[in-house]
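All residue numbers in this chain count up from 1 along the given sequence.
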Amino acid sequence: MKRLSVKQVILYVGGILACQMSWMGCFPLIPAYYTAVCLEDAARGMFSIAMLAGIILFVPVTAAVKYLMAMVVILFTMKLFEWAEGWCSVACAAAAAAIATLMMSLSGELLNVRNPVSMGSAVLEAVFVFASVMTGTRMIDFFMQLSLMPQKEQEGHYYDEKLVNYAESFNGLSKIFARMGSAQKGLSAEQMGRIHNELTGSLCVNCNQCALCWEKEESPMYSYLSYMLQSLQRTGEPDHEIVVQMQEYCPYTDAVVQEGMRIFEKARLNQAWYNRLLENREIIAQQLDAMAYIMEDCASETADITQESRRFLAEVKYRAKERGVTLKNQHLYENKQKRWRFTCEAYTKNGNCISMKDLTKAVSAGLERGMQPHRNERALVSPQGSTITFEEDTCFHETHAMAKQVKDGGHISGDNYSFLEMDNGRMAVILSDGMGSGSRACKESELVIELLEKFLEAGFSVETALKMMNSAMVIRGEDDLYSTVDICNLDLYTGCCEMYKIGAAAAFIKHRDYVERIESSSLPVGVTHRMEITKVKKQLQHGDFLVMVTDGVIEYLQEKEQDLAMCEILNEISVRHPGQMADAVLNEVLKRTGGKARDDMSVLVCGVWKK
């Protein structure tokens, strides 16, 4: 507030000084300066009083009346425009000032003898006033923004360092958990030795023939017992020949076999729980890695270039004011891909609302690059004001559609899908097929979709989101409930798409001249904590279509080469609308299956075009 008051005083003093500058008996700076400052809307009442004082002190009486009347007309015209349109543009105000000055000059000349020289000077004065308002407005606007938003760079750098330190801590914890060991498939030699000692300690120690079996060097009991334990480890059952041979030396062979099977079952159960504990440690390590990744990403995601771009921000504010919108607290950020994000507080005056489209034009023109409002922004800028975010506009836009068919005799499809708009001009197209059909399969695939959406919205990468989601499904521990996942991560800036397939059916890209297929052989999610992710990167061009299907669409085609048959179907389809294409694919598949849907069928189509 103190800085603004000092600037207002400077403007007031400038108005008084402008009243001293004359040219051929005219004072053109009076209407020009008055109009430019009133457009800035910096306390018009006080400024008008300052200008009145300057006119009374330095301007002759006859000229003072002229310019006072011109100022009244200018102020009235600006108020009229603001009441009708919500704002008064610089061009309208400059024209009003020039016309008002010219009319006041002509009115004064009509009361006296006509003088061509005076008429010419009046026209030149009007032209000078118009030009001075057009240029002076920008100068005053620049003066008012000299102290534009001092940034707390050190504070921001401090918080970035804290995030990086947290990320390093989480990485360290992840490595500690990873070093704790990995799951074992069988029993180790040390564990086999403990089982051998436990078995002989529980039975043989109390047997009266213990000395005959274990103390004589020619006794074969040690080798017999070792072979029996090895067979128990391999098959879970003792080898019959070894048991027969043991019975010749040990009268308690049946008890030894039963006790050995009991000890082995306990050892397997302990190993299963231990392996599960190790798997959970690996899952925790993955989650810690994910947290470290997102912290590092937040610390280095964007750079604040507000101070370096003050010229652009001043131009944005000037153009927004031209449309009746006042901007405050402007910030400009640049991400790692050199794309800009602009935030500001915007509000209108006089109770009017301005469309977001008009403000977007001002922002794009001021920043000299295409910008678009964030997808969650409102459609109007209101007098109450709000914080608005603009992002650099994308080069491509997409349209998507879906066609589904429930399995014959069913009522609920086990397939689910999602079209998720993310930040930085990316879109995730997700298709999940729950094992089987019906409500259980639907709930399973729905849970997979929901988890992926939450992780992606939180800012995790697709790979990290898939690992986190798979970890959650493994910990959930539901048997025979698995889901396939098919994800397309589409970059609308470049048209590049990254396909992630986990147990999913083949996907297809329909180009202008041919159809390309993308296959996968990985297991569904939730089967193992070490998930295999098949990733394929493709470049989409203007007019390409991405087609994703569930296995119910392909597996029951009455063709030997089912993927090639799907390529033929897509080649024969000539429609260029995603919805019509999805319906056409599903109808053609049903024709080739005899009209029967032996499994849930889903066809997802996404078309990409350049803007």
Side-chain angles (χ1 to χ4, degrees), residues 335-339 369-372 375 391-403 417-432 449 452-453 456 461-463 465-466 484-502 504-520 522 533-550 553-554 563-586 588 602-611:
N335 63 12
K336 291 178 286 188
Q337 290 76 33
K338 303 299 181 181
R339 300 188 184 108
R369 60 178 66 191
M371 303 294 289
Q372 63 179 358
R375 62 182 181 274
E391 298 172 342
E392 191 168 338
D393 200 3
T394 58
C395 300
F396 291 84
H397 69 92
E398 62 81 34
T399 306
H400 51 261
M402 185 75 179
Y417 64 96
S418 174
F419 297 92
L420 179 64
E421 292 185 24
M422 300 184 292
D423 293 333
N424 297 328
R426 290 187 174 270
M427 166 166 281
V429 184
I430 311 173
L431 180 62
S432 178
I449 294 290
L452 285 174
E453 286 180 337
L456 292 175
S461 66
V462 177
E463 294 94 335
L466 285 170
T484 66
V485 175
D486 205 352
I487 299 181
C488 171
N489 184 22
L490 178 60
D491 189 343
L492 294 176
Y493 286 106
T494 62
C496 178
C497 71
E498 298 171 341
M499 299 294 300
Y500 300 85
K501 305 182 74 64
I502 306 172
F508 305 87
I509 299 177
K510 180 176 171 58
H511 301 282
R512 289 283 182 178
D513 303 324
Y514 67 100
V515 176
E516 184 179 4
R517 62 178 176 176
I518 304 170
E519 298 178 313
S520 169
S522 57
I533 302 175
T534 302
K535 177 182 175 181
V536 180
K537 192 173 183 178
K538 297 293 180 179
Q539 178 65 47
L540 300 182
Q541 303 297 333
H542 175 75
D544 287 349
F545 290 88
L546 171 68
V547 181
M548 299 162 63
V549 299
T550 55
V553 175
I554 295 180
D563 290 352
L564 294 179
M566 179 58 68
C567 291
E568 293 177 2
I569 291 174
L570 291 173
N571 264 324
E572 294 171 358
I573 294 175
S574 59
V575 297
R576 307 297 296 173
H577 186 276
Q580 296 176 359
M581 184 178 293
D583 292 335
V585 170
L586 187 58
E588 183 62 28
S602 297
V603 180
L604 188 153
V605 179
C606 179
V608 176
W609 293 271
K610 278 190 175 182
K611 290 185 176 179

**Request:** Check for a donor-acceptor pair, side chain of Lys510 on one end and backbone N or O of Ile573 on the other, with a separation under 3.5 Å.
**Result:** yes
**Asked** So among Gln372, Arg369, Arg339, which one has a side-chain hydrogen bond (donor to acceptor under 3.5 Å, both in side chains) with Glu392?
**Response** Arg369
**Prompt:** With distance as the sole test, does Asn335 use its side chain to make a donor-acceptor pair with the main-chain N or O of Gln337 at under 3.5 Å?
**Reply:** yes
**Prompt:** Any idea which heavy atoms bring Ser602 and Leu431 closest together, and the distance?
**Reply:** CB-CD1, 4.3 Å
**Item:** Geometric class of the His400/Phe419 ring pair [parallel <30°, tilted 30-60°, perpendicular >60°]
**Value:** parallel
**Item:** Considering all heavy atoms, the nearest Met548-Ile487 contact
**Value:** CE-N, 4.2 Å
**Message:** I'd like to know if the side chain of Tyr500 reaches the main chain of Asn489, judged simply by a donor and an acceptor atom lying under 3.5 Å from each other, with no hydrogens or angles considered.
**Reply:** no
**Prompt:** Tell me, do Asp491 and Glu498 make a side-chain contact under 4.5 Å, heavy atoms counted?
**Reply:** no
**Prompt:** Where do Arg512 and His542 land on the side-chain contact (heavy atoms from CB on, under 4.5 Å) test, with the steps shown first?
**Reply:** CA-CA 9 Å; Arg512 289 283 182 178; His542 175 75; 4.2 Å; yes
**Prompt:** Taking all non-hydrogen atoms of both residues, which atom of Lys501 and which atom of Ala506 are closest, and how far apart?
**Reply:** NZ-C, 4.0 Å
**Asked** How long is the span from the CG atom in Leu570 to the CZ atom in Arg517, to the nearest 0.5 Å?
**Response** 12.0 Å
**Message:** Distance alone, cut at 3.5 Å: any donor-acceptor contact between the side chains of Gln541 and His511?
**Reply:** no
**Request:** Determine yes or no for a side-chain-to-main-chain donor-acceptor pair under 3.5 angstrom, with Ser418 supplying the side chain and Ile430 the backbone.
**Result:** no
**Item:** Gap between atom CG of Asn571 and atom CG of Asp513 - 0.5 Å precision
**Value:** 9.5 Å
**Message:** With rounding to the nearest 0.5 angstrom, report the CG to CH2 distance, Leu492 to Trp609.
**Reply:** 12.0 Å
**Item:** Heavy-atom pair of closest approach, residues Phe508 and Asp563
**Value:** CE2-O, 3.7 Å
**Request:** Mark yes or no for whether Ser432, through its side chain, and Thr484, through its backbone, hold a donor-acceptor pair below 3.5 Å.
**Result:** yes
**Request:** Output the distance between atom CG (Asp544) and atom NZ (Lys538), rounded to the nearest 0.5 Å.
**Result:** 11.5 Å
**Complete:** When rounded to the nearest 0.5 Å, the distance separating CD of Glu572 from SG of Cys567 is 11.5 Å
**Fill in**
Test side-chain contact (heavy atoms from CB on, under 4.5 Å), reference Val608, set Leu546, Ile509, Leu490, output is Leu490
**Atom NZ of Lys611: over 12 foreign heavy atoms under 6.0 Å** = yes
**Item:** Gap separating the CG atom of Leu540 from the SG atom of Cys488, nearest 0.5 angstrom
**Value:** 6.5 Å
**Prompt:** Between the main-chain N or O of Gly607 and the side-chain N or O of Arg576, is there a donor-acceptor pair closer than 3.5 Å?
**Reply:** no
**Item:** Taking every non-hydrogen atom, the tightest pair across Met566 and Val585
**Value:** SD-CG1, 4.1 Å
**Prompt:** Minimum heavy-atom separation for Thr394 to Gly425, with atom names?
**Reply:** CG2-CA, 4.0 Å
**Item:** Side chain Glu391, main chain Arg375, donor-acceptor under 3.5 Å
**Value:** no
